[in-house]
Amino acid sequence: MNVVYPAVFYKNIENDGYTVVFPDLDFGATEGENLKDAFFMASDYLGAWLYEYYIDGKEFPIARDIKDLEIEEDEFSIKEASFVSLVGVDMLEYVRKSEVKTVRRNVSIPSYLNELAKRNNINVSQLLQEALKEEFSM
């Protein structure tokens, strides 16, 4: 599930870095030491910001049209070197990488399947994980 939001990349006056602001998200910003790092950090920030929405099944904040964003002047950035860009994150992939703890679930299966699994050295837990990942296209 790819999510894309417009962001403003403000070129820092003091170094090669960029400060990245997402006007459609309520607060905060991120930054990178250079342009490549700024894009990476922006994507990670977006995933972290939307993580709870995704887990709770809530609708994401509405993203405005990129053409509606303006670069504001301030004393910390170079307006002429700043720009607006779309930043995306694959939320399913982000959650998968972020959520590495395991939880214990009790699963009921018919006794004959349990015996067949034991006899064939099948790890039922692993098989269930693989089936669920396939079901959810992970």
Side-chain angles (χ1 to χ4, degrees):
M1 168 188 214
N2 288 317
V3 180
V4 178
Y5 278 82
V8 181
F9 286 71
Y10 290 100
K11 176 69 175 100
N12 298 337
I13 286 178
E14 296 179 357
N15 55 43
D16 291 335
Y18 288 83
T19 299
V20 185
V21 177
F22 290 89
D24 297 320
L25 306 181
D26 288 340
F27 63 91
T30 189
E31 62 183 344
E33 294 178 2
N34 52 47
L35 187 55
K36 181 179 177 182
D37 189 44
F39 268 102
F40 174 80
M41 295 300 290
S43 181
D44 187 59
Y45 177 85
L46 184 58
W49 208 96
L50 297 174
Y51 180 85
E52 293 297 323
Y53 283 85
Y54 184 83
I55 293 298
D56 294 340
K58 295 179 185 175
E59 287 190 36
F60 294 146
I62 296 172
R64 71 183 81 185
D65 192 311
I66 193 170
K67 294 179 280 185
D68 295 337
L69 292 186
E70 293 183 19
I71 299 168
E72 298 175 9
E73 247 182 274
D74 64 33
E75 66 269 19
F76 306 108
S77 61
I78 304 169
K79 185 174 182 179
E80 299 76 30
S82 301
F83 61 95
V84 177
S85 180
L86 293 174
V87 175
V89 64
D90 181 340
M91 285 307 299
L92 192 59
E93 182 69 13
Y94 187 87
V95 169
R96 188 179 68 76
K97 286 183 178 179
S98 300
E99 197 61 41
V100 293
K101 70 177 183 177
T102 58
V103 294
R104 186 167 177 82
R105 292 284 303 241
N106 290 330
V107 178
S108 299
I109 60 172
S111 63
Y112 76 91
L113 286 178
N114 187 51
E115 292 306 316
L116 286 171
K118 279 187 205 177
R119 222 177 293 154
N120 290 285
N121 293 321
I122 294 175
N123 182 329
V124 175
S125 180
Q126 181 180 354
L127 183 63
L128 177 58
Q129 287 180 49
E130 291 169 0
L132 287 171
K133 286 178 182 177
E134 184 176 324
E135 177 69 24
F136 298 122
S137 301
M138 296 177 80

field: Steps toward side chain to side chain contact (heavy atoms under 4.5 Å, CB included) verdict (L50, Y94)
entry: CA-CA 10 Å; L50 297 174; Y94 187 87; over 6 Å; no
Answer with yes or no whether the hydrophobic clustering places [X] together with [Y]; edges join I, L, V, M, F, W, Y residues whose side-chain heavy atoms lie under 4.5 Å apart.
X: V84; Y: L46; result: no
X: Y51; Y: M41; result: no
X: V89; Y: V4; result: no
X: W49; Y: V3; result: yes
X: L92; Y: I55; result: yes

On the 0 to 90° scale, with breaks at 30° and 60°, tag the [X]-[Y] ring pair as parallel, tilted or perpendicular.
X: F60; Y: Y54; answer: parallel
X: F83; Y: F9; answer: parallel
X: F22; Y: Y5; answer: perpendicular

query: Would you say N120's side chain and L116's backbone share a donor-acceptor pair under 3.5 angstrom?
result: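 Confirmed, N120 side chain pairs with L116 backbone.
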- prompt: Can any side-chain N or O of D74 pair as donor or acceptor with the backbone N or O of F76 at less than 3.5 Å?
  reply: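 Yes, D74 side chain to F76 backbone: donor-acceptor pair under 3.5 Å.
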Roughly how far, to the nearest 0.5 Å, is the [atom2] atom of [Y] from the [atom1] atom of [X]?
X: E59; Y: I62; atom1: CD; atom2: CD1; value: 7.5 Å
X: E73; Y: E80; atom1: CD; atom2: CD; value: 7.0 Å
X: I71; Y: S77; atom1: CD1; atom2: OG; value: 8.5 Å
X: I13; Y: I78; atom1: CD1; atom2: CD1; value: 6.0 Å
X: K79; Y: E70; atom1: NZ; atom2: CD; value: 7.5 Å
X: N123; Y: K118; atom1: CG; atom2: NZ; value: 13.5 Å

Under 3.5 Å, which donor-acceptor pairs do the side chains of residues 28-40 form with other protein atoms, sequence neighbours left out?
unit_1: N34; atom_1: OD1; unit_2: K36; atom_2: N; d: 3.2
unit_1: N34; atom_1: OD1; unit_2: D37; atom_2: N; d: 2.8
unit_1: D37; atom_1: OD2; unit_2: E33; atom_2: N; d: 2.8

message: Is there a side chain to side chain contact (heavy atoms under 4.5 Å, CB included) between K11 and S82? Walk through the geometry before answering.
response: CA-CA 5 Å; K11 176 69 175 100; S82 301; 4.0 Å; yes
Which atoms form the tightest heavy-atom contact between [X] and [Y], and what is the distance?
X: A63; Y: P6; result: CB-CD, 4.0 Å
X: P23; Y: V8; result: CG-CG2, 4.3 Å
X: D90; Y: M1; result: OD1-N, 3.4 Å

More than 12 heavy atoms of other groups within 6.0 Å of [X] [atom1]:
X: E115; atom1: CD; answer: yes
X: L86; atom1: CG; answer: yes
X: E72; atom1: CD; answer: no

task: Carefully, step by step, assess Y45 and V20 under the rule side chain to side chain contact (heavy atoms under 4.5 Å, CB included).
output: CA-CA 9 Å; Y45 177 85; V20 185; over 6 Å; no
- request: Report the C-alpha distance between L127 and I122 in whole Å, list the side-chain angles of each, state the deciding distance to 0.1 Å, and finish with yes or no for side chain to side chain contact (heavy atoms under 4.5 Å, CB included).
  value: CA-CA 8 Å; L127 183 63; I122 294 175; 4.1 Å; yes
- prompt: Between L113 and V124, is any pair of side-chain heavy atoms under 4.5 Å apart?
  reply: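 Contact flag for L113/V124 side chains = no.
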field: Pair N12, T19: side-chain N/O donor-acceptor within cut-off below 3.5 Å
entry: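 Yes - a donor-acceptor pair under 3.5 Å links their side chains.
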